[in-house]
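Data first, discussion second: the structure below is written as structure tokens.
In listed order, ligands and their atoms are each counted from 1. Just so it is clear, the values below take in all heavy atoms, side chains as well, and ignore hydrogens, waters and symmetry mates.
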Amino acid sequence: MKKRVAFLASGGGSNLQALLDAMQAPDFPAEPVLVFSDKSGARALERARLAGVSAEHLDPKAYSTREGFDMALVALLEPFQPDLICLAGYMRILTPAFFNAFMGRIINIHPALLPAFGGPGMYGHHVHEAVLKAGARESGATVHWVVPEVDAGPIILQARVPVLPGDTPETLAARVLEQEHKLYPEAVKGLCLS
Ligand code: GRF
């Protein structure tokens, strides 16, 4: 039986696309059951629709608390019975309401070699700027379990890339992203086979 995977994404969803593509293979041990976004215009939702996967959105502005939003999200997700929830560029910090329902089933991809360059505020271009500022010689990507402390869950898989002379946050981000697109499907495959 294939494992059932739900995705939470806020933006472009290139990692989502890499996973949707990988899941097309008949022998891939997981299938996409839902893509959720907190942004109605997220390209990730369009990617889901094009792939024939359920695409759902809730507007955070309609909820007075973050917990309330997450409770609604849990109620939306539960009927899909996800074995695994992949965060793919999801820009909201999850609350206890979400962890109470799904702790141990949530994974994320981070564009650096955790535990370095992780934690609150370390997202998007901030990560690559910090790596360059620190003079690090390499960076990479990390797939990890999601726990309440941001970017602190057990590491599942990592890929490394060199930091090259003349790198900008953009060139480094692109080199890391290319690896992310291989790493995330590999990690999901490994988890779903075990
Ligand atoms: C990726 O760099 C990922 O590591 C981070 O958010 C970015 C999402 O990019 N968590 P995309 O939406 O998958 O293109």
Contact set, ligand 1, heavy-atom distance under 4.0 Å, ordered by chain/number, equals Gly12, Gly13, Ser14, Asn15, Gly89, Ile109, His110, Pro111, Glu180
Closest non-hydrogen atoms of Pro79 and Leu76, given as atom of the first, atom of the second and distance, are CD-O, 3.3 Å
Nearest heavy-atom contact between His57 and Asp38 is CE1-O, 3.4 Å
Original post:
Is any NZ, NE, NH1 or NH2 atom of the basic residue among Asp70 and Arg92 found under 4.0 Å from an Asp or Glu carboxylate oxygen of the other?
Top reply: no
- Indicate yes or no: does Arg49 engage Glu46 in a salt bridge with an N to O separation below 4.0 Å. yes
query: Is there a donor-acceptor pair closer than 3.5 Å between any side-chain N or O of Ser37 and the backbone N or O of Leu45?
result: no
Quick note, side chain to side chain donor-acceptor pair (under 3.5 Å) partners involving residues 117-129, not counting sequence neighbours, are His125-Glu129
